[in-house]
Amino acid sequence: MSFCQFFGGEIYKDHFKPGMYVCSKCNHPLFSSRSKFAHSSPWPAFTDTIRDDSVTKLMETLTAYKVLCGKCGNGLGHEFLNDGPEEGVSRF
């Protein structure tokens, strides 16, 4: 599965079948379906990456990082600190 750019609808937001989410540009492994959770945002939400080098993070604000593919630098969105399904857990 690859991430798509958001043009009025994200096809993987409500997709919860087992699998791996990869970069749409280079197929680098990003997130596992095991870390995916339902969220009110229009995009898929994950609590963790597959590996430490799956993504590159750049601090954007005190509560959010800009997230890029760890291999090719493709923009993936953000990591929102303390906005996950449990207290103290982040949301990608």
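Thr56 places none of its side-chain heavy atoms less than 4.5 Å from the side chain of Cys69. Contact check for Cys23 versus Lys71: no side-chain heavy atoms found under the 4.5 Å cut-off.
For the atom pair Leu68 CG and Asn74 CG, the distance stands at 8.0 Å (nearest 0.5 Å).
For residues 67-90, every residue pair satisfying the ring-ring contact (aromatic ring centres under 6.0 Å, His included) rule, not counting sequence neighbours, is listed here: His78-Phe80. Every pair passing salt bridge (Lys or Arg N to Asp or Glu O under 4.0 Å) that includes a residue from residues 72-88 is listed here, sequence neighbours excluded: Lys57-Glu79, Asp83-Arg91.
Of the possible polar contacts, one joining the Thr61 side chain to the Ala64 backbone as a donor-acceptor pair under 3.5 Å is found. Although no hydrogens or angles enter the test, the distance criterion places a donor-acceptor pair under 3.5 Å between the side chain of Ser54 and the main chain of Pro29.
Among the candidates Phe31, Tyr65, Phe46, the single residue satisfying the ring-ring contact (aromatic ring centres under 6.0 Å, His included) test with Phe92 is Phe31.
Residues that satisfy the salt bridge (Lys or Arg N to Asp or Glu O under 4.0 Å) test with Lys66, not counting sequence neighbours, are absent from this structure. Residues passing the side chain to side chain contact (heavy atoms under 4.5 Å, CB included) test with Ser32, sequence neighbours excluded: Arg34, Ile50. For Asp53, the side chain to side chain donor-acceptor pair (under 3.5 Å) test picks out Arg51, with sequence neighbours left out. Contacts of His28 classified as side chain to side chain donor-acceptor pair (under 3.5 Å), with partners at least two apart in sequence or in another chain: none.
Annotation for Leu62 and Leu81: closest pair O-CD1, 3.6 Å, computed over non-hydrogen atoms.
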For a side chain to side chain contact (heavy atoms under 4.5 Å, CB included) check, start with the C-alpha distance between Leu30 and Val55, then their side-chain angles and the critical distance, and finish with the verdict. CA-CA 7 Å; Leu30 302 170; Val55 301; 4.1 Å; yes

